[in-house]
Each structure stands twice: as C-alpha cells, then as structure tokens.
Amino acid sequence: MGFPKKFLWGGATAANQYEGAYNVDGRGLANVDLLPTGEDRRAVVFGEKKMFNFEDGYFYPAQNAIDGYHRYKEDIALFAEMGFKTYRMSISWTRIFPKGDETEPNEKGLQYYEDVFKECQKYGIEPLVTISHFDTPMYLVEKYGSWRNRKMVDFFENYCRTVFTRYKGLVKYWLVFNEINMMLHASFMAAGLYVEDLEEKEAKRVKFQAAHHELVANALAVKLAHEIDPENQVGCMLAGGKHYPYSCDPEDVIFSLLRDREDYFFSDVQARGEYPTYMLKKFENEGIDVRFEEGDTELLKENTVDFISFSYYLTRIGTVNPKAAEETTGNIFNSVKNPYLPSSEWGWQIDPVGLRVTLIELYDRYQKPLFVVENGLGASDTPDENGYIEDDYRIEYMANHIKEMKKAIDIDGVPVMGYTMWGCIDIVSAGSGEMKKRYGFIYVDRDNEGNGTLQRTKKKSFDWYKHVIETNGEELD
Ligand code: BG6
C-alpha cells in the first residue's frame, strides 16, 4: 500500500519561465520570449495578435525571468535539500540551435545543460526533461511558418538526435512536447503559429496540419530516444483535467464527452499509434485536408510513448444550457463555474478529486504508467515582517491532491511513476506573465515589473514538502 518505493517526487519548471538570459551565450530568439505582460498577452498567446519582435511599450518577462541560467546551482541545492528525486525542466531549443535550421549545434548551449544535469546527478536527482516546453525558434516561425511546415519535423529530429546523443547516461526520462493539446488553442504560445491572417476554415486546417507534424516529430523522437539509449523512457504530455457535465441532461453529457475528446486526440495518437476514428470523421465531415506523407502511418504505429504524463490544475464544466454557461471563471481559459468547488485567486477551480478522476480515466484509456508532471496553486504570497511566507493554503491544496493520487494508487490500482509539483520555485506565469502568480516552495524576490533582488527564500511549504518526501507521502498533515 502507499506510494511505490521508487516514486519520483519532485518539482517542475520550464526554460522560458525560469532561465532568463534570453540572449546570452548565443541563444536565439523564441516565440515565448515575445509574450508580453498586460492586456495584449492573451491575444499574442492565442495567435490572434502578431508579435514577431519586441515592441516599445511592452514588458517581456521571459527575457530575464528569475535568472535561473546563472543561479541553477543554488536552486538545485535547495531542491536537493527538500529531497527531490527528480527535477522536471526543459531545454530551450534556441540555446542548442539558435535559428533552428542549423546542422551544427551551439556548444555553449549544450554545455550549459550538461552542467545542469551533472549538478542534478551530484545530488542523485533524476532529470525529467521536456524537449519543447512551448518554445519554437522565431527564425523558424518567420522563415517557415512554424509547425505548419513539414520541414519542422526534420529540424526537430536533428535537435532531438543532438540532445539524446549528448546527454546519454545523464538523462533517461524525456517528455517531447509540453501540453501538446494546447497547440490547437493557444497556438502561438504552444506552437509558434500565427493564424489571424487566415479565414476560419483555413486556420483550422493549418492547426491540424501542424498538429500532425508535431505528432510525427513525437514519434521520431520516441524512435531516436530508444535507438540511441534503450534506457530512455519517453512520455507524452497532456494538459489534463476533464469536463464534467453540468447536469444529467444527456446533452450536457455528450457535450462534455466530445470536449474531452478534443484533448485526448493527441494522446490517443501518441499512446495508441493511430488517428482515432472520431478525428478522421471530423476531417471528413468538415473538409479538413491533413496531409500524411508516405511512412507516417507506420512511424506513428511503431513508436508509441512509454508513459503518459499530464498537468492537472482543474476540471471544467460542459453544458449546452446557455444560462448555466453565462457564469464563468478562470483567467486564460474560461470555464463554466462549478458550484461545488472553490476557486483560486485567479479563478482556477480547485478539485483534488478531479485528479483521481483524471488518473483513473487516463489509465482506463491507455493502460500505460502515468506521471503527474504539473500540479499546484498559483497564489499571491505575501511575506510577513520577517520575510517569511506561511503558505498554509498551498500546503492544504497539495496535501489534498496527493491524498487523491494515493487513493488512485491504493484503491483504483493506477500505476503512478511520480509527481512533480509545478513551479517548485516561483517563476513567471505562462498564462498571465505575472510573477505575482506564485506556485513555489521557494519565494523569489521579483515583481511583475521585473524589480527585486532575485533572492531565494524558503516558504513554510518547503519544510512541509521535505517531510512529505521523507515519509514517501505517508505524512501529509
Ligand atoms: C501549464 C504550463 O499550462 O500550466 C506551464 O505547462 C504553466 O508552463 C502552468 O506555467 C501554470 O499556468 P500559469 O498560467 O499559472 O503559469
């Protein structure tokens, strides 16, 4: 009973939200560098407003983020003090290939991550590495139109081969694309796709063609990872959290089921190796022409992922009832309000049981090991007069989620490999660009405008999580 002995407890960050140093040591510009704070961020994230360069009058938080590029040793030491077994982080593509289409990589970028992985190794921390956490080289966006272009598959393959080869023996757990299902929605942030200049039907086709290219690239990454080092384990990564029907009206039920399928489309292909019939029907019914090249079908079939990973923050509500649909909550993605659940300051509905529901549903669907690679509470922590943060709300949030994950293991028989809490150190928010939306066990002195000393301070939850790991999840209160 309880968490497996080798359960991978840890925390997660992403390069563009953590590293800063956006133009240091030869790094090229990426789409995620160009997400400003403020009103226009949402439009840029969704691929509605074009922002292909820095513009006056905007603040771009990823440029400096929390300067993890220069402070990773201090941060990894703190993770080690908490007892992390794993650290989920991502490689910035443009540190390795600044433009994206070069054949030779940037040695300084490669060396940087080698140093980071060796630092993890020093403490016995297993890196869990996302190859693309929302980042696409801007050069590829401008020259090739990003993932709508089949050439992206080759560039990405080269990038994958380079990192699998260089980090053989240092990294064995890989995730290919972060929250791959987000590319259909937050298309510029997730895939460097700008579609505003297209009419609706064409924009949809472009997104699905880009999705196909990412799915092919994912299969190639799995293939290469296994060929280069049979020890490698590769996971897909899905933005999780299902739609509950608002009522038992069968129309609400079917509506919610169909909404979930839009998300499962990606993991269905990545885990089962073929396009689900519901998606092929959709293409046929809506006249969406997605081009497959020769060999794609076999490639997808033969190179499915080893495990399923996902982020879990909330559940959503599906309804056809216009009155019910009026009351919404959430920041970047609005959802109908669930009257049974409280919400975070940013309107994200807090639903620990939903994590158990998600685990059961994903395991029933795929029968592959699961990994919870993001979960956490974004809150505006306020230090007391001594600079200390008593984040009992975060402890409560996490304890309740971990309890439900334990039930999924003990009662429902779901194999869970690990849990990496999101934003284990305060970083820039992906959705809002704010620093104020903090998730960490470690406070970072930096505000929304980029002011602050960047000093790191332990919050109350730091010691709490340390104890959780020490007791392998047995003592949560
Ligand atoms: C996930 C992303 O969508 O949610 C992360 O993978 C992101 O990059 C996290 O930071 C939390 O969202 P936000 O908008 O609160 O930062």
Checklist entry - Looking at CE of Met182 and CD1 of Ile180, how far apart are the two atoms once the value is rounded to the nearest 0.5 Å? => result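 Those atoms lie 12.5 Å apart.
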
Next on the checklist: For the NE2 atom of His401 and the CZ atom of Arg356, what is their distance to the nearest 0.5 Å?
Outcome noted: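 Between atom NE2 of His401 and atom CZ of Arg356 there are 14.0 Å.
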
Checklist entry - Do Lys207's NZ or CZ and the ring of Trp147 fall within the cation-pi criteria of under 6.0 Å and 45°? => result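 Here Lys207 fails the 6.0 Å and 45° test against Trp147.
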
Next on the checklist: On the six-membered ring of Tyr244, is Arg316 placed so that its NZ or CZ lies under 6.0 angstrom from the centre and within 45° of the ring axis?
Outcome noted: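 Ring-cation test returns no.
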
Quick one: do the [X] and [Y] side chains pair a donor with an acceptor below 3.5 Å?
| X | Y | value |
| --- | --- | --- |
| Thr304 | Arg272 | no |
| Gln349 | Asn338 | no |
| Glu274 | Thr297 | no |
| Asp351 | Tyr313 | no |
| Tyr366 | Asp268 | yes |
| Glu345 | Ser380 | yes |
| Asp115 | Gln111 | yes |
| Tyr275 | His212 | yes |
| Tyr443 | Asp391 | no |
| Tyr419 | Asn375 | yes |

Checklist entry - Under the side-chain contact (heavy atoms from CB on, under 4.5 Å) criterion, do Ile91 and Val129 qualify, and how do the steps go? => result CA-CA 7 Å; Ile91 297 179; Val129 178; 3.6 Å; yes

Sub-3.5 Å donor-acceptor pair from the side chain of [X] to the main-chain atoms of [Y], do we have one?
| X | Y | answer |
| --- | --- | --- |
| Ser146 | Ala191 | yes |
| Ser309 | Cys236 | yes |
| Thr130 | Ser132 | no |
| Asn285 | Lys281 | yes |

Item to check | His243: which of Asp260, Asp263, Thr315, Asp252 passes side chain to side chain donor-acceptor pair (under 3.5 Å) | outcome: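 Among Asp260, Asp263, Thr315, Asp252, the one meeting side chain to side chain donor-acceptor pair (under 3.5 Å) with His243 is Asp260.
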
So that I can tick it off, tell me whether [Y] and [X] are bridged by a salt bridge, with the cut-off set at under 4.0 angstrom between side-chain N and carboxylate O.
| X | Y | value |
| --- | --- | --- |
| Asp289 | Arg205 | no |
| Lys436 | Asp426 | no |
| Lys49 | Glu196 | no |
| Asp381 | Arg438 | no |
| Lys204 | Glu200 | no |
| Arg42 | Asp40 | no |
| Asp75 | Arg71 | no |

Is the [X] to [Y] ring centre distance short of 6.0 Å?
| X | Y | value |
| --- | --- | --- |
| Phe265 | Tyr278 | no |
| Tyr113 | Tyr167 | no |
| Tyr144 | Phe155 | yes |

Checklist entry - Between Phe156 and Phe177, is any pair of side-chain heavy atoms under 4.5 Å apart? => result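 When only atoms from C-beta onward are counted, Phe177 and Phe156 do touch, with a gap below 4.5 Å.
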
Item to check | Min side-chain heavy-atom separation Ser343-Lys337 under 4.5 Å | outcome: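 Yes, at least one pair of side-chain atoms sits under 4.5 Å.
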
Students often mix this up, so state it plainly: with edges at 30° and 60°, are the rings of [X] and [Y] parallel, tilted or perpendicular?
| X | Y | result |
| --- | --- | --- |
| His133 | Trp422 | parallel |
| Phe79 | Tyr87 | tilted |
| Trp93 | Tyr159 | parallel |
| Phe188 | Phe52 | parallel |

Checklist entry - Can you name the one residue among Arg88, Met89, Glu19 that meets side chain to side chain contact (heavy atoms under 4.5 Å, CB included) with Thr13? => result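 Going through the options one by one, the only one that passes is Met89.
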
